[in-house]
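In what follows, a single structure is set out as structure tokens and then discussed.
These figures come from a predicted structure and were not determined experimentally.
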Amino acid sequence: MTTVLGKPGTDGLDEAVRALRQWQHDGAPTQLHPGDLGWFWRTGPEATAEAVRTWSRDGRILAVGLLDGPGLLRLAIAPDALRDEETARRMAGDITAPERGVLPGGAADIESPTGALLQDLLSEAGWKPGEPWTSLRRDLTEPVDDPGLRIETVGPERARLFTAVHRAAFDGSKFTEQRWHAMAAGAPYTDARSLLAHNTRGDAVAAVTVWSAGPGRPGLLEPMGVHRDHRRHGHGRAITLAAASALRALGSSSALVSTPSANTAAVTAYASAGFHPRPEVRDLHRDAWASGTRELGNSGKTSHPGRRGRRDRRP
């Protein structure tokens, strides 16, 4: 059997989520997490389905891709398919041919698991290392310290406040109450929690959503932010501790988060909450000219808005 490219449609999203959950385990390379799909779900199931690609063989999904913005493809690959040559060559062909509907022509970036044969094939085809990212992990075997703030688990009736704090944390955010409800209706949110931290005056000062991939598997912070009017008071550390505690209660083995390596303040904040840096990773980047498309006035680099959690994308 050969590997085939597919679009799951809304009816096939649950199967893609199940595959992503199965592929998460401690020690695995950093890759697309079901929480990444869950965060994207705020745009609605139809838009989410339109952004997902799968590669399958003999009815089994071997890889899942998320078009997480213009020219950005984020991938997860089944552990036993990371070095599968037939799958890697099919994926490389689909990714580099715009007419196949994965990536458009022009500048592009791909996030794929370290050690995947696909990375080798794309590098041979001229793709270059992109910006460096630091992925951090906290083991959840032992109980997590008290965050020192009142933590609220958000339900539908508090979505308005949760999204207001998010918008105050990230300039340009379009996260609304309606989008929270869309996110919460998605399959990945079954194992997720939205948390708010309140200071001693009762102000909501920070927000985070955490995503479990199931008991005994790594969970994800996606996204975490501190209200712009309440920064530099340790609230980032507090809400991160609360996030780790919530994931532990959900049965997660560890908590994961990623941020650009250049964002040293974020790396420091996560480290203060007991997260330890993993080996730095880089996306693969294709300049605009490399695909046969020239864009005047464009250096060939793409910029993506601050990416939350695994990839710190917040809007």
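With Arg74 contributing its side chain and His33 its backbone, the two residues share no donor-acceptor pair below 3.5 Å. The backbone N or O of Thr176 lies less than 3.5 Å from no partner atom in the side chain of Arg179, so there is not a single donor-acceptor pair. At least one donor-acceptor pair under 3.5 Å links the side chain of Arg282 to the backbone N or O of Gly130. Here the side chain of Gln119 pairs a donor or acceptor atom with the backbone of Ser112 at under 3.5 angstrom. The backbone N or O of Ala273 lies less than 3.5 Å from a partner atom in the side chain of Arg138, making a donor-acceptor pair. No side-chain donor-acceptor contact under 3.5 Å links Ser252 to the backbone of Ser254. A donor-acceptor contact shorter than 3.5 Å is absent between the side chain of Arg278 and the backbone of Ser135. Between the Gln24 side chain and the Leu32 main chain, a donor and an acceptor come within less than 3.5 Å of each other.
How far CG of Leu117 is from CG of Leu122: 9.5 Å, rounded to the nearest 0.5 Å. The structure places CZ of Arg57 at 12.0 Å from CZ of Arg90, a figure rounded to the nearest 0.5 Å. The line from OG1 of Thr87 to CG of Leu118 is 10.5 Å long, rounded to the nearest 0.5 Å. A distance of 9.5 Å separates CG of Leu66 from CD of Glu111, quoted to the nearest 0.5 Å. Taking OG1 from Thr43 and NZ from Lys174, the interatomic distance works out to 12.5 Å, rounded to the nearest 0.5 Å. Thr200 contributes atom OG1, which lies 11.0 Å from atom CZ of Arg150 (distance to the nearest 0.5 angstrom).
The residues Arg60 and Asp80 are annotated as salt-bridged, a charged nitrogen and a carboxylate oxygen being separated by less than 4.0 angstrom. Ion pairing between a basic and an acidic side chain is recognised when a charged N comes within 4.0 Å of a carboxylate O; Asp287 and Lys128 show no such pairing. Between Arg53 and Asp94 there is no salt bridge, since no side-chain nitrogen of the basic residue lies less than 4.0 Å from a carboxylate oxygen of the acidic one.
By the 4.5 Å heavy-atom criterion applied to side chains, Asp283 and Leu72 are counted as neighbours. No side-chain heavy atom of Leu220 sits under 4.5 Å from any side-chain heavy atom of Trp39. Using a 4.5 Å cut-off on side-chain heavy atoms (C-beta onward), Leu250 and Asp191 make no contact. When side chains are defined from C-beta on, Thr114 does not count as touching Thr30, because their heavy atoms never get closer than 4.5 Å. Side-chain contact between Glu46 and Thr10 is present, with heavy atoms from C-beta onward closer than 4.5 Å. In this structure the side chain of Leu247 never reaches within 4.5 angstrom of the side chain of Val144, judged on heavy atoms. For the pair Glu124 and Leu121, the minimum side-chain heavy-atom distance is below 4.5 Å. Ile239 places none of its side-chain heavy atoms less than 4.5 Å from the side chain of Pro147.
For Thr153, the side chain to side chain contact (heavy atoms under 4.5 Å, CB included) criterion is met by Arg193, Leu195, not counting sequence neighbours. Residues forming a salt bridge (Lys or Arg N to Asp or Glu O under 4.0 Å) with Glu99 (at least two apart in sequence, or on another chain): none.
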side-chain contact (heavy atoms from CB on, under 4.5 Å) between Met91 and Asp84, intermediate numbers included
CA-CA 11 Å; Met91 291 178 69; Asp84 183 89; over 6 Å; no
Kindly determine whether Ile95 and Val102 satisfy side-chain contact (heavy atoms from CB on, under 4.5 Å), including the steps that lead there.
CA-CA 6 Å; Ile95 288 167; Val102 179; 4.1 Å; yes
Would you sort out whether Asp203 and His227 count as a side-chain contact (heavy atoms from CB on, under 4.5 Å), showing the intermediate values?
CA-CA 10 Å; Asp203 301 320; His227 194 296; over 6 Å; no
Quick one, Leu103 with Leu67, criterion side-chain contact (heavy atoms from CB on, under 4.5 Å). Give me CA distance, side-chain angles, the key distance, then yes/no.
CA-CA 8 Å; Leu103 278 174; Leu67 294 166; 4.0 Å; yes
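Placement of Trp55 and Leu20 in two distinct hydrophobic clusters is found when ILVMFWY residues are connected by side-chain heavy-atom separations under 4.5 Å, directly or transitively. In the hydrophobic clustering of this structure, Val64 does not group with Leu73; members are Ile, Leu, Val, Met, Phe, Trp, Tyr whose side-chain heavy atoms approach within less than 4.5 Å, directly or through other members. Side-chain heavy atoms closer than 4.5 Å link hydrophobic residues (I, L, V, M, F, W, Y) into clusters, and following such links, even through other members, never connects Leu62 to Leu75. A continuous path of Ile, Leu, Val, Met, Phe, Trp and Tyr side chains, each step under 4.5 Å between heavy atoms, connects Val208 with Leu140, placing both in one hydrophobic cluster. Hydrophobic clustering of Ile, Leu, Val, Met, Phe, Trp and Tyr side chains at less than 4.5 Å, counting indirect connections, unites Ile110 with Leu82.
The environment of CZ in Arg100 is crowded: more than 12 heavy-atom neighbours from other residues, nucleotides or ligands sit within 6.0 Å. Counted within 6.0 Å of CG on Asp11, heavy atoms from surrounding residues, nucleotides or ligands total 12 or fewer; the atom is thus considered open. For Arg231, the CZ atom is densely surrounded, since the number of other residues' heavy atoms within 6.0 Å is greater than 12. Heavy atoms of other residues, nucleotides or ligands lying less than 6.0 angstrom from CD of Glu280 number more than 12.
Contact between Pro260 and Val267 at its shortest, heavy atoms only, is O-CG2, 4.4 Å. Contact record, Ala255 with Phe275: O-CE2, 3.4 Å, taken as the closest heavy-atom pair. Taking both residues in full, the closest heavy atoms of Gln31 and Ile77 are given as OE1-N, 2.9 Å, listed atom of the first, atom of the second, then distance. Contact between His25 and Pro79 at its shortest, heavy atoms only, is NE2-CG, 4.2 Å. For the pair Phe170 and Gly225, the tightest heavy-atom approach, listed with the atom from each and the gap, is CZ-CA, 3.6 Å. The two residues Leu256 and Pro218 make their nearest non-hydrogen contact at CD1-CB, 3.7 Å.
Inspection of the Thr134 and Ser261 side chains reveals an N or O donor paired with an N or O acceptor under 3.5 Å.
Ring-plane geometry between Tyr189 and Trp211 is classed as perpendicular, the angle between the planes exceeding 60 degrees on a 0 to 90 degree scale with a lower cut at 30. Note: His166 and Phe175 have perpendicular aromatic rings, judged against thresholds of 30 and 60 degrees for the angle between ring planes.
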